[in-house]
Amino acid sequence: MHTKLFIPGPVDVAEDVLQKMATPMIGHRSKDASALQRGISEKLRKVFNTGEEILLSTSSGTGLMEGAIRSCTAKRAAVFSVGAFGKRWYEMALFNNVPADLFEVEWGKAVTPEMVDEALATGKYDLVTLTHNETSTGIMNPVDEIAKVIKKYPEVVYCLDTVSSMGGTKIDVDALGVDICITSSQKALALPPGMAVCSFSQKAVERARTVPHRGLYFDLLSLYDYIQKKDYQYPSTPSLSHMFAMDYQLDKMLAEGLENRYRRHAECAQIVRDWAKKHFDIFTDERYLSNTLTVITNTRGISVADLNKELGRRGYQISNGYGSMKEKTFRIAHMAECTKADIEELLGTIEDILGLK
Ligand SMILES: *Cc1c(COP(=O)(O)O)cnc(C)c1O
């Protein structure tokens, strides 16, 4: 029996998309490989709402995050964190000897534009990292207001982690002034894990040219330059299997209609929020709720581990809370190809197990 996944990645992948992973190989220096990567980039530009270049990486999203902060910080990075994934940027900076400062808020709360303004006004920073959708706490940061602040500082390269939101909610990369917008295959894009993608603005290109030690495999400038020089190819050997599947899945997403896709995510989110309020409580500041996952406070003191065990026997899986919140919260992802019927079926099963009916 297949276990239906309601965890924030990896997500369930449609059977026909999975089949595309089994496409026979082509040479990665062939015209076909160029056409494949060019096609993917054109479609991703529509999803990202950007006219900038798109970079592919045979890695999970973490690789591009590390590459971004290392390749594009010339002076000092300001890392804004609202949870586990925000803080990861700071560790990347430390481990790569990139000067950085961490600005944290209490878990469950959002970054405020005032916080960002105050930090950038010091003039110490030339790169900012922010998490759009924090998967440990269910926060969707107010990026529209934050963008207005960041635009006041044209020397700042703006990196945005949209790993668990791109493809599930509208993100207008160019309008927000984001220079490097990063996502992974295995979340709202509904593909198997193993490939990450990002947008890479001209400002980021110019900055990277001034940074001497960018590493090699995750040097975003080398990914960019290779595309220009070799007509949409990848410097090393990419996961062509992922590329076949991604090309196909992007067609499916555009056929569904991005607005329809975002509406479906919002509707699923609303069902889960209403249910959480009826039976438990929502952990996250309700002004900034994520459209792709909901973090629920375990007000009933149930055993989240036991609930998931029983759900597993019935063919479902949800997530426990992140880190130290393992039993204090639990997380239900409603992203990728998840439908209202899937969510209702899951919630009905949880009610049945917990005797909430
Ligand atoms: C999953 C996740 C990551 C890490 O992505 P990988 O693809 O696992 O490397 C980073 N940020 C957020 C917000 C995530 O949800």
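Counting convention: from 1, in listed order, for ligands and their atoms alike. It should be emphasised that the depicted structure is a prediction, and the values quoted were computed from it without experimental measurement.
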Q.
Please check: side-chain N/O of N291 versus main-chain N/O of A266, any donor-acceptor pairing under 3.5 Å?
A.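 Side chain of N291 to backbone of A266: no pair is present.
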
Q.
I need the single residue from I353, L347, L346 that forms a side-chain contact (heavy atoms from CB on, under 4.5 Å) with T349. Which is it?
A.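 The side-chain contact (heavy atoms from CB on, under 4.5 Å) with T349 is passed solely by I353 among I353, L347, L346.
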
Q: Applying side-chain hydrogen bond (donor to acceptor under 3.5 Å, both in side chains) between D231 and each of K31, Q37, R38, report the one that passes.
A: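 Considering K31, Q37, R38, a side-chain hydrogen bond (donor to acceptor under 3.5 Å, both in side chains) with D231 is found only for R38.
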
Q. What do you reckon, are the aromatic ring centroids of F80 and Y90 less than 6.0 Å apart?
A.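 Not under 6.0 Å, so no.
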
**Q.** salt bridge (charged side-chain N to carboxylate O under 4.0 Å, His left out) partner of E337, the single match among K252, R261, K187
**A.**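 Of all the options given, the one that passes is R261.
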
Q | Enclosure of K151 NZ (heavy-atom neighbours >12, cutoff 6.0 Å) | A |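 Count over threshold, so yes.
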
Identify all N/O pairs between ligand 1 and the protein with a separation under 3.5 Å and present them as a table of atom names and distances.
| from | atom 1 | to | atom 2 | distance (Å) |
| --- | --- | --- | --- | --- |
| ligand 1 | 7 (O) | G61 | N | 2.8 |
| ligand 1 | 7 (O) | S184 | OG | 2.7 |
| ligand 1 | 7 (O) | Q186 | NE2 | 2.9 |
| ligand 1 | 8 (O) | Q186 | NE2 | 3.4 |
| ligand 1 | 9 (O) | S60 | OG | 2.5 |
| ligand 1 | 9 (O) | G61 | N | 3.2 |
| ligand 1 | 9 (O) | T62 | N | 2.8 |
| ligand 1 | 9 (O) | T62 | OG1 | 2.4 |
| ligand 1 | 11 (N) | D161 | OD1 | 3.4 |
| ligand 1 | 11 (N) | D161 | OD2 | 2.6 |
| ligand 1 | 15 (O) | T135 | OG1 | 2.4 |
| ligand 1 | 15 (O) | K187 | NZ | 2.7 |

